[in-house]
S.K.: 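Sending over a structure as C-alpha cells; questions will come in a sec.
Sequence lines set the chain letters: A, B, ... in the order given, protein chains first and strands last, and positions in each chain run from 1.
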Amino acid sequence: MPEVTERARDLVGRLLHGHGVVARITEVEAYGGIEDPASHAFVRTPRSEIMYGPPWRLYVYRIHGHHAANVVTGPTEQAAAVLIRAGEIVEGIEVARQRRGPVADHALARGPGNFTKALGITSLDLGTDLLEPVPVYLGERVDRPTLVAGPRVGVRLNADAPWRFWAEDDPTVSAYRRHPRA
DNA sequence: GTTTAGATCAACT
DNA sequence: GTTGATCTAAACG
C-alpha cells in the first residue's frame, strides 16, 4: 500500500481552517500521483506541477461548477495528494450556514463541493502553504476516530483501489457512489 | 497539447 | 431536490 494512504489516514480527525470556519476532517481520499491513473498528477502538466512540489500546499480544482480541495502530502517523488471530502464544522458555524444556505448542520461540509463552499475555499487559495496560519491552513488533531477504508467515490479509473478513509459512523461522511462506467 | 467553463445524469438525501 | 477526481467543446499559448 502506497505511503500516501498513511498520510491520508493521518488527516482524518485533524482540523482545517478556512476563511473563518474550522472543520474537523472526517473523510478523505488518497491519490497516488504517478502511480494512480485517477490522479490529476498521473500526467505531469503545469496544472499538476504543484503536486510535484513541497508537501502541505493546497491544490484546488474545479468540478461541476464547484471546487474541491486537496492537501499535497508527498512523498514528493510520487506527486501524491489527499482530497478532503467531508468534515464537521466545529467553529464559525454561523458563517458556514450563511455560505451553504438552509441545510442540516451535519451536511454543511459533506461532499467535496460542499466542504470547500462551507470553508470559502476557491481557486484563489490554490498553492496556499497550509502550515502558515492564514487564510487556509491545517490545525491540530482533535480526535482519533476508528477509520474505515473503501473504494473512492465517483472515480472511473482505478475504481477498486480502497483509498478512501472515513470516521466510522460519522453523520458528516458522504455516501459511496461508484462511477457508472467504472 | 492543456486548461477552463458548462453541462449531464445515476445515485444519493 | 442535490451532488460530482466525468465529459465535451471552446479558448489558450
Side-chain angles (χ1 to χ4, degrees), chain A residues 1-2 4-5 7-9 11-12 16 23 25-53 55 57-74 78-89 96-128 130 136 148-167 169-182:
Chain A
M1 185 181 296
V4 63
T5 57
R7 310 207 178 179
R9 299 172 72 103
L11 284 173
V12 179
L16 185 66
I25 299 171
T26 58
E27 180 190 1
V28 300
E29 285 177 359
Y31 285 84
I34 58 175
E35 300 179 352
D36 182 7
S39 172
H40 291 168
F42 188 66
V43 178
R44 186 167 186 166
T45 65
R47 181 179 69 150
S48 60
E49 187 66 28
I50 184 174
M51 290 186 271
Y52 289 81
R57 301 248 279 227
L58 189 67
Y59 169 54
V60 180
Y61 69 92
R62 287 187 29 124
I63 184 164
H64 288 73
H66 299 106
H67 297 276
N70 301 251
V71 176
V72 177
T73 60
Q78 292 179 13
V82 174
L83 169 68
I84 310 300
R85 279 198 60 89
E88 177 196 15
I89 306 297
R97 285 187 185 127
Q98 198 166 20
R99 287 174 178 155
R100 288 277 293 123
V103 300
D105 284 353
H106 67 265
L108 283 173
R110 180 172 62 187
N114 293 333
F115 187 91
T116 55
K117 189 172 180 184
L119 270 67
I121 296 174
T122 69
S123 52
L124 296 176
D125 299 305
L126 177 62
T128 295
L130 294 172
V136 181
V148 190
R152 293 170 293 185
V153 174
V155 296
R156 188 173 123 137
L157 280 53
N158 210 357
D160 295 320
W163 292 349
R164 171 173 173 250
F165 305 96
W166 65 95
D169 295 328
D170 194 302
T172 66
V173 173
S174 61
Y176 174 62
R177 293 194 304 218
R178 190 178 179 83
H179 192 283
R181 296 172 60 186

S.K.: Ignoring backbone atoms, test whether A:Asn114 places a side-chain nitrogen or oxygen under 4.0 Å from the OP1 or OP2 oxygen of C:dT2.
M.R.: no
S.K.: What's the closest nucleotide to the A:Arg177 side chain, out of B:dG6, B:dT13, B:dC12?
M.R.: B:dC12
S.K.: Which listed nucleotide (B:dT13, B:dT3, C:dT6) is nearest to the side chain of A:Arg47?
M.R.: B:dT3
S.K.: Please check the phosphate of B:dT3 (OP1 and OP2 only) for any side-chain N or O of A:Thr45 closer than 4.0 Å.
M.R.: yes
S.K.: For residues A:Ser174 and A:Arg85, is any side-chain donor paired with an opposing acceptor at under 3.5 Å?
M.R.: yes
S.K.: Counting only Watson-Crick or G-U wobble pairs whose two distances fall under 3.5 Å, which nucleotide matches B:dT3?
M.R.: C:dA10
S.K.: Considering just the side-chain nitrogens and oxygens of A:Arg156, establish if one lies under 4.0 Å of OP1 or OP2 belonging to B:dA10.
M.R.: no
S.K.: Is a donor on one side and an acceptor on the other found under 3.5 Å between the side chain of A:Arg47 and the backbone of A:Tyr61?
M.R.: no
S.K.: For DNA chain C, find the residues of residues 79-87 of chain A with a heavy-atom distance under 4.0 Å and give them by number; none if there aren't any.
M.R.: A:Arg85
S.K.: Donor-acceptor pair, distance only, cut-off 3.5 Å: does the side chain of A:Ser39 make one with the backbone of A:Asp36?
M.R.: no
S.K.: Are the charged groups of A:Arg100 and A:Asp105 less than 4.0 angstrom apart, N to O?
M.R.: no
S.K.: Between B:dT13, C:dG4, B:dA5, which nucleotide has the shortest distance from any of its atoms to the side chain of A:His66?
M.R.: C:dG4
